[in-house]
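Data first, discussion second: the structure below is written as structure tokens.
Counting convention: from 1, in listed order, for ligands and their atoms alike. For clarity, every value in this text was computed on a predicted model and none was experimentally measured.
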Amino acid sequence: MKRLKQPSPPPERTATRLVTGGRDPLANHGFINPPVYHASTVVYSSAADYLAHRGRYQYGRRGTPTSEALQEALAGLEGDKCAGVALLPSGLAAVSAAFLSVVGAGAHVLVTDSAYLPTRKFCDGLLVRYGIRTTYYDPRIGAGIAALIEPKTRAVFVESPGSLSLEMQDVPAIAAAAHARGALVLMDNTWASPIYFRALEKGVDLSIQSGTKYIGGHSDLMLGTVSANAACWKRLRETVETMGLCVGPDDTYLGLRGVRTMGVRLAQHYASGLKVAHWLAGRPEVARVLHPALETDPGHALWRRDYTGACGLFSVVLKSAPQAATHALLDALTLFGIGASWGGFESLAIPFDCSDMRTATAWAPGGPTVRLHIGLEDVDDLIADLERGFAAFEAAR
Ligand SMILES: Cc1ncc(COP(=O)(O)O)c(C=O)c1O
């Protein structure tokens, strides 16, 4: 937060940055929050000024004090390696803008087999039309990614952990191998956010978040963000500007408002999620819980080494049962909604099956799979709800 008469404020920790970033009350008549600029045209005081673009702002699409406030707040969370943050109208738009900022015709990209399905569809559809090839790789490949890097490989895309299957990736090892061969690293960091994983500090060049999830936090916003290091910021900014991508002022403001409470919300999602995950691990109906913060998880060592927390999203593998039993479980839940997305204040549960999505690895979890998002309800109420679900599961088995 800028404060007059204090030229060098002390360094701030994350919780403080969440509150202070992108705010300057004294520049806004003392009001705590910046105004929401609904803007397209910006007028100049003279024809000469107009022709010379002499003005802090040029056009609504290219940035307003509101969008700059959100960019500043997010950049502060990423740390010193962040050279800029682009705002996009959705998380998927952030993924596609990040890719388009680093690839050109004839390029090759490596994408984790665990990537969010629409990310794969972007690679298999639009990128193919523009002459860009994708090779999918095992998310657990680590430094072995080196063997897949070709002379034309421009980017390695990671999503850690995968948002359905929760495989952890060795991001620093992948980044070291990619950089050694001239490739950039793009990461979908929505699960941990920079609060629990400072992607740029771990070697990532472009760190993507679906702001729809925890930045918004209230299931009422579509937003995407890409944070870039110095090597990638110029190309990213040019790409976003050239394509005319921008976020409306009210959605930008909702993002900014969400940032202020993101830390405490995430802490609660983390604590409640872990409690439910431990409880589920002890249930007779459950074969495995896919949550990297559990010691039994194959990705736990990487999570412990690199992450400082977890969000409320994880999955469970149920003991073998007909589909009708899994549906009975989900349909019996009253506190968990059945729907896409995650990161809001409310709990969600969906059935999923990655078999048709994988090309580099086989998906054989050994039982039906369900993804849970643990919201901000009382955690014991959520456990009681799941207990009701398991009674319905057993009855239908
Ligand atoms: C991991 C991940 N990345 C990106 C997205 C896309 O975000 P949005 O829905 O904001 O386009 C999602 C949405 O579910 C997601 O789960």
Side-chain angles (χ1 to χ4, degrees), residues 70 74 85-100 111-126 136 139 157-169 171 185-197 199 204 206-227 240 243 245-248 251-252 254-255 258-259 262 266 269 273 290-292 299 307 310-315 337-344 346-354 357-358 369-375:
L70 178 55
L74 293 171
V85 179
L87 304 178
L88 287 309
S90 71
L92 184 57
V95 169
S96 59
F99 267 114
L100 292 176
V111 175
T112 176
D113 212 24
S114 54
Y116 175 59
L117 187 58
T119 297
R120 291 183 74 113
K121 286 190 172 156
F122 170 77
C123 296
D124 298 341
L126 197 132
Y136 292 97
F157 183 91
V158 302
E159 178 181 312
S160 182
S163 63
L164 283 171
S165 43
L166 282 296
E167 298 95 335
M168 285 296 295
Q169 296 196 249
V171 179
V185 180
L186 279 55
M187 176 174 187
D188 186 329
N189 192 29
T190 306
W191 189 85
S193 89
I195 294 180
Y196 291 147
F197 183 72
V204 171
L206 288 168
S207 178
I208 298 153
Q209 284 184 81
S210 164
T212 307
K213 314 297 190 258
Y214 290 108
I215 294 175
H218 293 71
S219 305
D220 55 3
L221 170 68
M222 298 301 300
L223 181 71
T225 72
V226 187
S227 306
V240 170
M243 296 208 300
L245 296 166
C246 61
V247 181
D251 286 345
T252 303
L254 279 179
V259 164
M262 190 176 167
L266 264 179
H269 286 292
L290 311 179
H291 191 315
Y307 286 56
C311 69
L313 191 80
F314 64 92
S315 295
I338 302 172
S341 200
W342 42 285
E346 82 290 9
S347 290
L348 297 168
I350 50 164
F352 72 93
D353 180 358
C354 295
M357 304 177 202
R358 301 293 166 108
T369 40
V370 169
R371 186 180 77 177
L372 298 175
H373 177 252
I374 302 303

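For Tyr196 and Tyr307, the gap between ring centers reaches or exceeds 6.0 Å.
At a heavy-atom distance under 4.0 Å, only side-chain atoms of Asp188, from C-beta outward, approach ligand 1.
Panel note: side chain Thr112, backbone Val158; no donor-acceptor pair is recorded below 3.5 Å. Formation of a donor-acceptor pair under 3.5 Å by the Ser207 side chain with backbone atoms of Ser227 is not found in this model. The backbone N or O of Phe352 lies less than 3.5 Å from no partner atom in the side chain of Arg371, so there is not a single donor-acceptor pair.
For ligand 1, the atoms sitting less than 4.0 Å from at least one non-hydrogen atom of Glu159 are 1 (C), numbered in the order shown with element in parentheses. Residue contact check: Leu92 has heavy atoms under 4.0 Å from atoms 6 (C), 7 (O), 8 (P), 11 (O) of ligand 1. Taking a cut-off of under 4.0 Å to the non-hydrogen atoms of Ser163, the atoms of ligand 1 that pass are 1 (C), 16 (O).
The residue from Met222, Gln209, Lys213, Arg371 that puts a heavy atom closest to atom 13 (C) of ligand 1 is Lys213.
Atom 10 (O) of ligand 1 has as its closest protein heavy atom Thr212 OG1, 2.5 Å. When only non-hydrogen protein atoms are considered, atom 5 (C) of ligand 1 lies nearest to Tyr116 CE2, 3.3 Å.
Polar contact check, Gly91 against ligand 1: a nitrogen or oxygen pair lies under 3.5 Å apart. Looking at ligand 1, you'll find an N or O of Ser210 within less than 3.5 Å of one of its N or O atoms. At a 3.5 angstrom cut-off on N or O pairs, Ala93 does not count as close to ligand 1.
Heavy atoms of Trp342 come nearer than 4.0 angstrom to ligand 1 in at least one pair.
No side-chain donor from either of Thr119 and Glu159 sits under 3.5 Å from a side-chain acceptor of the other.
Ring-plane geometry between Trp191 and His291 is classed as perpendicular, the angle between the planes exceeding 60 degrees on a 0 to 90 degree scale with a lower cut at 30.
A 4.5 Å side-chain heavy-atom check between Gln209 and Pro194 finds at least one atom pair inside the cut-off.
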Stepwise, does the side chain to side chain contact (heavy atoms under 4.5 Å, CB included) test hold for Ser114 with Arg358?
-> CA-CA 7 Å; Ser114 54; Arg358 301 293 166 108; 3.9 Å; yes
